[in-house]
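A short write-up of the structure that comes next.
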Amino acid sequence: MIKFWLVFFMVLSNGFYSTGAGMNNSTVPDSVNIGILYSFNTTIGRILQIALEAAIDDVNSDPSILGKTQLNILMQEDSKYRGFLSIAETLQLMAKRTVAIIGPQSTITAHVISHVANELQVPLLSFSATDPTLSPVQFPFFIRTAQNDLYMMTAIAELVAFYGWREVIAIFVDDDQGRNGIAALGDKLSERRCKISYKAPMTAEPTKEEITDVLVQVALAESRIIVLHTNTIWGPKIFSVAQNLGMMGTGYVWIATSFLTTLLDTASPLPPDEMQDIQGVVTLRMYTAETELKRRFVSRWKNLTRGNTSDGPMGLTAYCLYAYDTVWLLARAIDTFFKQGNRITFSNDSKLSELHGDNLHLDALNIFNEGNILRSCILGVNMTGVTGQVRYTSDCNLVNPAFEIVNVIGSGVRRIGYWSNHSGLSVVPPESLYSKPTNRSNQKLNPVIWPGDTVQKPRGWVFPNNGKRLKIGIPKRVSYREFVSQAPGTDVFKGFCIDVFLAAVNLLPYGVPYNFVPFGDGHSNPSNSELVRLITAGVYDAAVGDITITTERTKMVDFTQPFIESGLVVVTPVKKMESSAWAFLRPFTPLMWAVTAIFFLVVGAVVWILEHRLNDDFRGPPKKQVVTILWFSFSTMFFAHRENTVSTLGRLVLLIWLFVVLIINSSYTASLTSILTVQQLASPIKGIESLVNSHDRIGYLQGSFTRNYLIEELGIDESRLVPLTTPEETAKALKDGSHKGGVAAYIDERAYIELFLASRCDFTIVGQEFTRNGWGFAFPRDSPLAIDLSTAILELAENGDLQRIHDKWLLSRACLSQGAKLEVDRLNLKSFWGLYLVAGFACFLALFIYLIQIMRQYKKHYSEELESSPSPSQQSSGSSRVRTFMSFVDEKEEDVKNRSKRRQMERISYRSNDGGSSSAMC
Ligand SMILES: *[C@@H]1O[C@H](CO)[C@@H](O)[C@H](O)[C@H]1NC(C)=O
Ligand SMILES: *[C@@H]1O[C@H](CO)[C@@H](O)[C@H](O)[C@H]1NC(C)=O
Ligand SMILES: *[C@@H]1O[C@H](CO)[C@@H](O)[C@H](O)[C@H]1NC(C)=O
Ligand SMILES: *[C@@H]1O[C@H](CO)[C@@H](O)[C@H](O)[C@H]1NC(C)=O
Ligand SMILES: *[C@@H]1O[C@H](CO)[C@@H](O)[C@H](O)[C@H]1NC(C)=O
Ligand SMILES: *[C@@H]1O[C@H](CO)[C@@H](O)[C@H](O)[C@H]1NC(C)=O
Ligand SMILES: *[C@@H]1O[C@H](CO)[C@@H](O)[C@H](O)[C@H]1NC(C)=O
């Protein structure tokens, strides 16, 4: 029911027509009108026509696709490539109710008729209008059925980057295709830090004079990498003129876009003289995988073209394959369209009809109502054709864009590799890489034979002023002439910087013609900033010397890699520490001395206590004992104590103490040694911070960038800065000091300072380098020589030559290694308290054990005493008991033992007397 109303409504609504067999209850018509808009009256057009016709025959005879519906082809010759005529031709086609148009051939036509296609909703399928700016956003009904030029330009950009070239020249036809293609190339090159240095547009049909004019301009440019983006008609003519101008010789690189492979493939072989003109050219071809389908089509191709042209079978270009697949793509899309139950209807109810009444009969044009559906059917096709897999990505480009890169050699071409969007440059076919993850790190190509029959990769640029020697500015230094100086009265320059430059230039694979031009008046050091500025002004082509790379200067010129590190440092005078009579006290802090002395006394006392009862050495009158304690304890300092220790505890304490003494002794010796040899700063300046905060005057090398740095970056007042020219002047100013008209410190780059200090031991660098600069050679912006010299300098650094040149000129002598240490901290208690703790604990423990022993002995002794003399008078009070204890302690152990032995004997004899025997008692 709904269907019925729908159909009814459609019939009623104004101007609905179906194509083919007229009204029917089936939606599938007998035939579908397809327009083809191509220039068939050219060699390539004829070839494409064969491919298209073959495809249409194949589709129409294949029952599996579109059933009994036939593709009805309406051919329209797009004879002129011209905008307006093409529009008229397109309109003619569209008036015939085509559902889709295959074409147009040229990008220019595509741009203009895409607007018409948008309005009438008729999809345009073009395999030759590959301009990247025909975007699916602006022109949704334009569908590119071959590879977008964007990818070809990406491939060229990657090729340029692969060979390490930086700048290219683009020669192109100044039309939509040329301009837009080259714009895309520029974008892709800049993504790879390369650029188009010169664009040389040509009119669409240039005369020989025009080509000559353009090429002469190209030859004058610096770059030798030429990208040629033109068409099959004018390409050979440009090459021919270039050959005549000698631009197909050694040093040049020509990269031609796919027009050249099309030409070579269709007209193969080219006439020998044309072939001669393009020897060594690198060009690209749309890559199609080698499949069975493709092989079959290629073998069919000879049959298709045989006998139809006077000049025999025609070559097969990649465009033929894409043309063949375009028809199939469209057929499959229409098939899907019908399978989805869609009908083909047209309406003239549009803005066009508002124009009716005039004589143009624009109202004959119809809008294809289901154009949008057919468009999405086309974009949704997923098929395998002779070009491989045909499928669209979400941005309406064919999947897996890839190009072959070929090199014209002899009478043919040789493939040097592939480029694919997936994995960049490779020597294996891209389809073998699609399964692997993207990896652009191992880009590879086979060797190329460049113009001039050479396999040596061209450098890619020439010195701009063709043949003239480079004028290299050299600062005429007055001081530190080791870096760069002019031999008096000659034009010969020598020095560290000159040697580095010469060594680097020698590493370049090409010769550099140059002249050294002195800069400066010879009385004072020239300003290197001014020298750098003169490069921008065009006075010099380069500058070689002690030129520090600073931010300000890099804004003007390009520097090479630094060949010497040279940060700013502060230099101050030093004086040898005066040897005072009390220098020997310096190693230890007073506290350390005090604690050490106390420990000597304590250990002496402890040993005395432990030894007193056993050892005769520690006995005697009190006066003698005090002397013994002192003598004993201090003589341990030299391990020279004579008194023998006999008690275990005493030996334990002494052992630990001797260990402590050993360590203190050696620390003292080491510290004293360094204190006596170390120098001392004459000023309180310890580095850049203390210098900035002080009010002292500061010296700097006249003509150096240091002045600006100190004023602008560190905010030092200008009045504090004193320019100094020669090392002698600097030394004198430093000696005088800030208060006597000299300077307190001198700030300069490490490279100069090393030279300065090499022969002057009474100055030293304080603090760290506070900037990290380096010296480089200066070149005009974007100079390719700067890049090559950078590489050469790195090479010099890696193979050790840079160091050898450095040592030759700037070998640092005597004083530099010294003076690194400026102050030695005294040793304080902190470093030793662990030792003292151990020693103290040992003493304490020994005393404690000793006390317990003696208490036990005393107790035993006391009870014996009580036993032996139990008289009540002897019943001791507390004080007398202490007294007895004290005397007990003071007694020699031997005596105590003897006494108690005696007492025992007495007791025994007493008992035996009781028993009646009268033995004598002695
Ligand atoms: C349409 O109908 C006619 C008869 O009215 C018939 O001959 C023809 O085959 C039909 N076409 C289709 C596509 O069904
Ligand atoms: C419509 O199609 C059916 C078969 O699908 C057929 O029987 C019928 O005759 C057709 N009607 C017309 C008007 O062609
Ligand atoms: C094809 O081009 C030639 C000149 O190039 C011209 O003489 C001829 O008439 C053209 N043929 C057609 C069919 O346009
Ligand atoms: C080419 O044509 C010949 C006869 O004209 C035929 O025998 C042969 O099979 C054809 N080859 C192909 C690939 O179509
Ligand atoms: C040769 O071309 C003509 C049209 O130019 C065409 O009619 C004919 O079929 C072609 N012959 C072959 C063998 O393709
Ligand atoms: C639509 O086109 C037909 C013929 O092509 C014409 O008769 C009719 O008037 C047109 N309708 C409008 C609204 O222009
Ligand atoms: C396209 O078809 C191939 C097989 O012909 C299939 O492997 C692939 O998944 C399909 N892709 C999409 C997006 O449907």
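We count ligands from 1, going down the list as the structure has it; atoms in each ligand are counted the same way. Sequential numbering from 1 along the given sequence is applied to the chain's residues.
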Assign the ring pair Y38 / F127 to parallel, tilted or perpendicular, where the plane angle (0 to 90°) is split at 30° and 60°.
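Ring orientation, 0 to 90° scale: parallel.
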Got a salt bridge between D335 and K339, using NZ or NE/NH1/NH2 to carboxylate O under 4.0 Å?
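Counted as a salt bridge, because a side-chain N and a carboxylate O are separated by less than 4.0 Å.
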For the pair Q76 (side chain) and L93 (backbone), establish whether a donor and an acceptor sit closer than 3.5 Å, ignoring hydrogens and angles.
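No, the answer is negative, given that no donor and acceptor are paired below the 3.5 Å cut-off.
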Where the side chain of N342 meets the backbone of F337, is there a donor-acceptor pair that is under 3.5 Å apart?
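Side chain of N342 to backbone of F337: a pair is present.
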Please tell me if [atom] is touched by the protein, where touching means a protein heavy-atom distance below 4.0 Å.
| atom | answer |
| --- | --- |
| atom 5 (O) of ligand 7 | no |
| atom 14 (O) of ligand 7 | yes |
| atom 8 (C) of ligand 7 | yes |
| atom 2 (O) of ligand 7 | yes |

Do F297 and Y324 have ring centres separated by under 6.0 Å?
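So the answer is yes for these two rings.
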Between W234 and F259, is the gap from one ring center to the other below 6.0 Å?
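No: the rings miss the under 6.0 Å criterion.
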Hey, is M383 touching ligand 7 through its side chain, its backbone, both or neither, going by heavy atoms under 4.0 Å?
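The answer is neither; M383 stays 4.0 Å or more away.
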Can you check whether N382 has an N/O within less than 3.5 Å of an N/O in ligand 7?
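Looking only at distances, the answer is yes, because the N/O contact criterion of under 3.5 Å is met.
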Taking 4.0 angstrom as the limit and counting only heavy atoms of Q389, give me the atoms of ligand 7 inside it, by number and element.
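Once the distances to Q389 are compared, the set is 1 (C).
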